[in-house]
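Residue indices begin at 1 and follow the sequence shown.
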Amino acid sequence: MSSWVEFLVRHSYPILFFWILVEQLGLPLPGLPLLLAAGALAGGGHLNLAAAVSLPVLACMCADFLWFQIGRHRGIAVLGWICRLSLEPDSCVRRTEDAFMRHGAKSLLISKFVPGLNLAAAPLAGIFRMRIRRFLPFDALGALFWAGGYVVVGFAFTEQIEMVAHYALRLGESLLILLLAGLFAYIGWKYFQRRRFLRDLRIARVTPEELKEMLDTCEKIQIVDLRHAIDFAAEPQTVPGALHFDPKEIEQHKELISRDRDIVLYCT
């Protein structure tokens, strides 16, 4: 066996647990290759298959329970912080909230397969005040589907994965440089897309202080609160006199919006 395989086998169980734990806490570590490798090592008789599945599941549950408690105690603000780690923060919050609103606890079953929803599902459950006895079984099943699924795939394709690993070792630094170049190119493209998106969406803005001054001077304005239902449930207070509905419902409520005054929109 190569040195990296020997090292992985020697320290396999603590590496598997702590790597997945840290990855699920939000650090950008690639967990999928490690799960496949663990399955392949189990297929080769170097690891116990049950342990290779149960340790990542336990790591996921530990990380998710911490995020669940943070969401419960810190509220919707934690979701915005998580989404700042995303390459598409402008749509991350809305997308994850929509998914959780549609599927509720069931979203925990597939959240780890969905970029953006992976980290956000557990704190959303806390924000939404889901009961722990309901959260834990769904979270455990979701972790089992994700971690167990990839470990079993690695187990089933042990020979193919060993072959890929062999060719990767032969390529050495060339493969690493190629992968890093592809990663940086992808990040650069997403950054360019976001900057272009923000440039196209530039609109007139007012600060909270300016809006307060408008209200104090009884200026003729229409205020519309466009916060998502989850955000509104977490903090139901709204600006005095503001209408509240989801952005998707603007067409349905357009008759409520005055045409003879300035309109101020706000969200989370």
[atom1] of [X] to [atom2] of [Y]: how many Å apart, nearest 0.5 Å?
| X | Y | atom1 | atom2 | value |
| --- | --- | --- | --- | --- |
| W67 | R74 | CH2 | CZ | 10.5 Å |
| L55 | I20 | CG | CD1 | 10.5 Å |
| F65 | I70 | CZ | CD1 | 11.0 Å |
| D216 | K212 | CG | NZ | 3.5 Å |
| E23 | C60 | CD | SG | 7.5 Å |

Would you say the side chain of [Y] lies within less than 4.5 Å of the side chain of [X], judging by non-hydrogen atoms?
| X | Y | result |
| --- | --- | --- |
| I223 | L211 | yes |
| D64 | Q24 | yes |
| H244 | V224 | no |
| L226 | Y266 | no |
| L243 | Q222 | yes |
| L66 | M61 | no |
| F245 | D225 | no |

Nearest atoms (heavy-atom pairs only) where [X] meets [Y]:
| X | Y | result |
| --- | --- | --- |
| F17 | A59 | O-CB, 3.3 Å |
| I132 | P137 | O-CD, 4.3 Å |
| G71 | I127 | O-CG1, 3.4 Å |
| K220 | D260 | NZ-OD2, 3.5 Å |
| F135 | A125 | CD1-CB, 3.8 Å |

* I263 and I221: CA distance, side-chain angles, deciding distance, side chain to side chain contact (heavy atoms under 4.5 Å, CB included) verdict -> CA-CA 6 Å; I263 301 168; I221 55 173; over 6 Å; no

* Between V239 and L215, is a side chain to side chain contact (heavy atoms under 4.5 Å, CB included) present by the stated rule, with each step listed? -> CA-CA 10 Å; V239 174; L215 292 171; 3.9 Å; yes

* **Positive for side chain to side chain contact (heavy atoms under 4.5 Å, CB included) with M130, one of L108, L136, D139, L124** => L108

* **Qualifying residue for side chain to side chain contact (heavy atoms under 4.5 Å, CB included) with V151, from L41, V53, L36** =>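 That would be V53.
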
* Would you call the rings of W146 and Y150 parallel, tilted or perpendicular if under 30° counts as parallel and over 60° as perpendicular? ->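 Aromatic pair W146/Y150 classed perpendicular.
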
* Asked: Is the count of non-hydrogen atoms from other residues, nucleotides or ligands lying under 6.0 Å from R261 atom CZ greater than 12?
  -> yes

* Answer yes or no: are there more than 12 heavy-atom neighbours, outside E213 itself, under 6.0 Å from its atom CD? =>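 No.
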
* To do: State yes or no: do L49 and V57 share one hydrophobic cluster built from I, L, V, M, F, W and Y residues joined by side-chain heavy-atom distances below 4.5 Å, directly or via other members?
  =>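 Both belong to a single hydrophobic cluster.
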
* Asked: Hey, quick one: are V152 and L35 part of the same hydrophobic cluster, counting side-chain heavy atoms closer than 4.5 Å, chains of contacts allowed?
  ->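 Each belongs to a different hydrophobic cluster.
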
